[in-house]
Structure formats: structure tokens, C-alpha cells
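What follows is one structure encoded as C-alpha cells, with my remarks underneath.
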Protein chains: 2
Amino acid sequence: MDQEQALTALAALSHPTRLDTFRMLVRHAPKGCTTGELVEATGLSQSTFSTHLAVLAKAGLVRSHKQGRHHLQCADIDTLRALILFLATDCCQGRADLCEPLLADLAC
Amino acid sequence: MDQEQALTALAALSHPTRLDTFRMLVRHAPKGCTTGELVEATGLSQSTFSTHLAVLAKAGLVRSHKQGRHHLQCADIDTLRALILFLATDCCQGRADLCEPLLADLAC
DNA sequence: TCAATCCATCGGCAATTTCCGATGGGAATT
DNA sequence: AATTCCCATCGGAAATTGCCGATGGATTGA
């Protein structure tokens, strides 16, 4: 993941609705949720939510495929992992000492 | 780190100038850089950069303390670590299987 | 004390983001 | 074929963000 992709992903996640949506999709991974379920969960209008979803999709954080009449939305864990790695690389770059506490905390 | 703090940090890092600045400060951690050095690196006006710096500071990603006439800016690695952990927790929540590849990549 | 340096804040303008209702295309059901 | 359902896109209004020059407070050095 390069800096431009990271910026797009960070911007996508920096909005309450989009972060909530993404976290909900991660919790439901890898099955996913339909767009309608997500709209209902946010309480926003359908059109407004659609634009939020497009932002997440453009960032590669969410992928969708049709299932019957519905669209099934799925979090892309690989992209999340790439974003985390991008941030962690900054933190580690030539300084493994700074990164050790992070690795310890991550041993979930 | 709660969701509101995470949102503030994500928004702070989602701007090219602020992400560049933060990465530069991480590279210079823990010594830091003066505000003037950062202004020069970005090429923006002093006032514009000052507002960017305030966004990073409000998010807890950058701390500053006076040193003579200058202000020394330092990246707060703990906050970065907390943000990474916040994102990774979503990814791991009850699903350690999803997180193992991340840990493997992080072994830098 | 006086001038110079560093940086935060203000006022204002332009661009972007966010929200909504309305419209319309595509797919399943009748 | 007609209807219903699901969702993307359009147009427009309101709010936010990003940029700058100018101003002023704080501190150092002459």
C-alpha cells in the first residue's frame, strides 16, 4: 500500500458513519451484510448511505457482489491489514525498539 | 482509545500534509523537529501549517514543548500504537484467525 | 530597552464534504 | 408484461475544510 492508498483509506475511515459501517462489516466477516441492513443500522437516507459506501469501496475497504436482488457488502480484511502495516511500518522503520510494545499488545 | 479518539486520529492523518508531517516526526523520534523545519519541509505558509499542526496535536499524535525560541514537535508513538491497536482489534475481535497474517507481517 | 524571531490566531475566500429527496436502471416476482 | 424491490446517481443546500496574509503575544539577542 502506497501513501496515496493509505490516505484514501484513512479518509474513508475518518467519518463516524463509515467507521461504524466498516466495523459492523468486520464483525460480520466473511459473510457480510446487505446494503439495506447497513442503511437501517445507520439511520441515514438510502442515497446518503450509498455515497458513504462508495467511499469505502473506492478505498478498497469494502467489496460488494450481487446476491439475488440484494447487494452483499463485505469488509476487505486484506486492505485493513495493509493499512495497519502502513502505519506500523512508519512506527518501526529502522527502529524495532519502538515496535516491540505494539507487537506485545497485538498478541490477542 | 475509544471510537471518538480514533476518528480524530484518522481524520488528522487523512491529509497529505499532515501524514507527511507525522511520518517525518516519526522518523525523527524521539528527538523531534522544530516547527520552522516542518513548515519549510511542507512548503506551505506558516499560518496554514500551524493549523495542520494543531489538528495533529488535538488528536494526540504530536506533542510540543518549547526549546529556546523554537517549539520542538515530537510524534507520540503511544497514540500511533493505540490507533493501530484500535484498528487491529476490529480485525481480531473473536477471530484470531484473521489476525495471524497481520502479526506475521509485523515481525519486522 | 529595542529590534528580531518564532509561532498561534483572526478574517475572509474558494473548494470540498455531507446531507436530502427525486429519478431511473436492473433484477425478481406476479 | 407489469409491478415491486434494491440501489446508484443527479441536483442543490448547508456545513466544514483548507488556504492565505495580517496581526499580535512571547522570547531571545543586541
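From a predicted model like this one, the values you see are computed outputs, not experimental measurements. In what follows, chains carry the letters A, B, and so on, assigned in the order in which the sequence lines appear, proteins first and then strands, with residues in each chain numbered from 1.
- The CD atom of A:Glu40 sits 15 Å away from the C1' atom of D:dC5 (whole-angstrom rounding).
- How far CZ of A:Phe49 is from CG of A:Leu38: 4.0 Å, rounded to the nearest 0.5 Å.
- B:Leu87 has its side chain within reach of A:Leu83: a pair of non-hydrogen atoms, C-beta onward, lies under 4.5 Å apart.
- Nucleic acid contact class of B:Thr35 (heavy atoms, under 4.0 Å, all strands): sugar-phosphate only.
- Remark: P of C:dC7 and CD of B:Gln46 are 7 Å apart, rounded to the nearest angstrom.
- Rounded to a whole Å, the CD atom of A:Glu37 is 17 Å from the P atom of D:dC5.
- Side-chain N or O atoms of B:Ser50 include none that pairs as donor or acceptor with a backbone N or O of B:Gln46 at under 3.5 Å.
- Remark: P of D:dG18 and CZ of B:Phe49 are 14 Å apart, rounded to the nearest angstrom.
- Rounded to whole Å, atom P of D:dG25 lies 15 Å from atom NE2 of B:His71.
- If you find the closest nucleotide of DNA chain C to A:Gly68 and to A:Thr51, the one lying nearer the 5' end belongs to A:Thr51.
- Looking at B:Thr34 and B:Gln73, their side chains never bring a donor and an acceptor atom within 3.5 Å of each other.
- Judged purely by atom type and a 3.5 angstrom limit, A:Gln5 uses its side chain to pair as donor or acceptor with the backbone of A:Asp2.
- Put simply, NZ on B:Lys58 is 15 Å from C1' on C:dA8, counting in whole angstrom units.
- A heavy atom lying under 4.0 Å from DNA chain C marks the following residues of residues 2-18 of chain A, by number: A:His15, A:Arg18.
- By the 4.0 Å N-to-carboxylate-O rule, B:Arg23 lies too far from B:Asp20 to be salt-bridged with it.
- Closest approach to the B:Lys66 side chain among C:dG21, C:dG26, D:dT27 is made by D:dT27 (side chain taken as heavy atoms from C-beta onward).
- In this structure, A:Thr48 reaches the C:dC20 phosphate: one of its side-chain N or O atoms is under 4.0 Å from OP1 or OP2.
- The CG atom of B:Leu53 sits 16 Å away from the P atom of C:dC6 (whole-angstrom rounding).
- Counting heavy atoms from C-beta on, the side chains of B:His52 and B:Thr42 never come closer than 4.5 Å.
- Atom CZ in B:Arg69 sits roughly 11 Å away from atom C1' in D:dA26 (whole-Å rounding).
- Phosphate proximity of C:dA8 to B:Ser50: present, with a side-chain N or O under 4.0 Å from OP1 or OP2.
- Both B:Ser45 and A:Thr34 sit near DNA chain D, but only A:Thr34 has its closest nucleotide nearer the 5' end.
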